[in-house]
Amino acid sequence: MSNLYRTETLRRIEGARLVRLPAGTLMHRAATAVARSANQMSRTLPRGAPILGLIGPGNNGGDALLALSILAGQGFPVRACALSTDEPGASDARAVWQQWIARGGRLEPLTSLATLLAQCPLVIDGLFGIGLARPLRAESAAVVIALAASGSPVIAVDVPSGIDADRGCVVGGRDGIAVRADVTVTMIGDKPGLHTGPALDYVGRVELASLEPTEARPRSNVVAGSESGGPAQPGPASEPDPAPDGELFDRRAAVALLAPRALDTHKGSFGAVTVIGGASGTTGAALLAARGAQAAGAGKVFIASPDAPVFDPGQPQLMTRTLEHALDDADAVCIGCGLGVGEVARRALANALRSSLVLVIDADALNLIATEPALARALRARSAGAVLTPHPLEAARLLDCAAADVQADRVASAVALAQRYRATAVLKGAGTVVCDPASTWSIVGSGSPALATAGSGDVLAGCIAALLAQGRAPGEAARLGAWLHGHAAQQWQREHPNGIGLSAAQLPDLLVQAVNAP
């Protein structure tokens, strides 16, 4: 599990370090990290391929230009193309700029970009960083378009230019454009916008450069902006860094929660899940949720349907119940998968909300809560835990907004859901976000476009219910369940690189593998 920081928090951390360290120290550490990544990536390219830096007006441009200096000192052919011939305003970036010129370096104009890209270089994107608030203007957008057309591999400095580091969207939405990187070397702390939403198609592999002293050893004779000028002068006493804003729930976090079962156990040791759903025409949704619960380790699984009993002869261990007895002896309830939105469904949900059982609320049950104020009030008034598992459109209904608004800031949307309904929210999608009622949020570090198929969310709901039935707290069950679900699909995609054709009915078997060999 790694920490995630919003831009405002990172600015505070950076500011405190700048006060303590000699001028240029952080820029040299950042440039060294970028140069190290470029050095490694260059080994996969034709021998002698040049390295081209796209130099913007801020500190990202300074990082990229100093990285070129370091790489030149290591014998790499380097070129620099700048958005402007004006010196940067920031002092560290200006010092690097002046040193580059003093040593005979050239800053090619944008008119040379096509010629430079034709040399098939490795490109360092130092155009814009985390402070970008407006869509890229015409001249910068043209650079991004030309870069994309060239097919050159790209290393982004801190964040791909045009990506919102906090929200994970392209700045400007449909009117915006951004660099697509193969690697993003992000500085000081990892950022939520690199792990959720549209950004996942732009960031490539994320490498964290914390810019602590161990990353700062110079690899060339570059002096300006380096740490070779002597020790830091005495300054204010160091203060602890601000707390992270969120976390990335990754494989390490999941593995820490999984362990072999004790030998002296039985089915009663692992709880009973009741799936309430599977109305006529959508019985498959309840069956998928039940199979997801079975795969995630529930000791017993029941299905209670508003219509005829839902029975799968291929899964005879899945038992049936009537709605009247749906809550009997259950440890956790998964409600909504194929439930319908009629009066019978509404009563079933109202009964579940009145119970003291922990709930997973999905699909039709979410839509009922979005349209029935009394059900929403009942959810908010519960003392027992609940986990909501909406996709973006369902989240939009619950928040009275458009799905595009949800996607524009997925973390804020998950926080709003958790606060409004006093429940753990699992906002599904690329970079699933989980938030507790106390507004503690995580981005799940697994997933695959293979999950974009009907029924995959039902399997997830059942999986989380099983983890709840085994005694896990709602937040832990939601995070672990979402990670296992995403990891299962990732494993499938290894043998199906385009991510096309996964059936939700295959997911439970893949989930068994994920739970046992993550």
Side-chain angles (χ1 to χ4, degrees), residues 257-258 261 265-279 282-306 309-312 314-339 348-349 351-353 355-366 382 384-389 423-424 426 455-482 484-485 488 504-505 507-509 511-512 514-515:
L257 295 177
L258 296 170
R261 289 179 166 178
T265 56
H266 51 82
K267 63 178 180 289
S269 305
F270 305 110
V273 171
T274 295
V275 175
I276 302 178
T282 54
T283 56
L287 286 169
L288 287 168
R291 290 187 61 199
Q294 176 81 38
K300 295 183 288 185
V301 183
F302 299 88
I303 303 175
S305 168
V310 174
F311 178 69
D312 181 358
Q315 302 289 331
Q317 73 279 4
L318 303 178
M319 297 170 280
T320 63
R321 275 184 173 167
T322 63
L323 279 185
E324 289 73 20
H325 296 282
L327 306 180
D328 294 355
D329 301 319
D331 295 293
V333 172
C334 173
I335 185 166
C337 302
L339 179 64
L349 178 56
N351 288 337
L353 291 170
S355 77
S356 60
L357 295 171
V358 64
L359 306 179
V360 177
I361 303 174
D362 189 41
D364 289 332
L366 294 171
R382 299 188 91 239
V387 179
L388 313 180
T389 55
T424 297
V426 180
S456 65
D458 301 315
V459 177
L460 172 62
C463 172
I464 295 173
L467 297 172
L468 291 170
Q470 292 169 72
R472 296 185 186 273
E476 182 176 283
R479 287 167 172 81
L480 179 58
L484 290 168
H485 186 252
L507 264 177
D509 289 341
L511 193 58
V512 170
V515 170

Looking at [X] and [Y], would you say the former's side chain and the latter's main chain have a donor-acceptor pair under 3.5 Å?
{"X": "T274", "Y": "A326", "value": "yes"}
{"X": "R382", "Y": "S355", "value": "yes"}
{"X": "R291", "Y": "Q315", "value": "no"}

If you compare all heavy atoms of [X] against all heavy atoms of [Y], which two are closest, and at what distance to 0.1 Å?
{"X": "D364", "Y": "G338", "value": "OD2-C, 3.6 Å"}
{"X": "G455", "Y": "A504", "value": "C-CB, 3.5 Å"}
{"X": "A293", "Y": "V301", "value": "CB-CG2, 4.0 Å"}
{"X": "V426", "Y": "A478", "value": "CG2-CB, 3.6 Å"}
{"X": "V512", "Y": "A295", "value": "CG2-CB, 3.7 Å"}
{"X": "A352", "Y": "L327", "value": "CA-CD1, 4.2 Å"}

L288 vs C337 side-chain heavy atoms within contact, under 4.5 Å: no
D331 CG to L357 CG distance, which is reported to the nearest 0.5 Å: 8.0 Å
L349 CG to I335 CD1 distance, which is reported to the nearest 0.5 Å: 4.5 Å
C463/L511 under side-chain contact (heavy atoms from CB on, under 4.5 Å): CA gap, chis, key distance, verdict: CA-CA 9 Å; C463 172; L511 193 58; 3.8 Å; yes
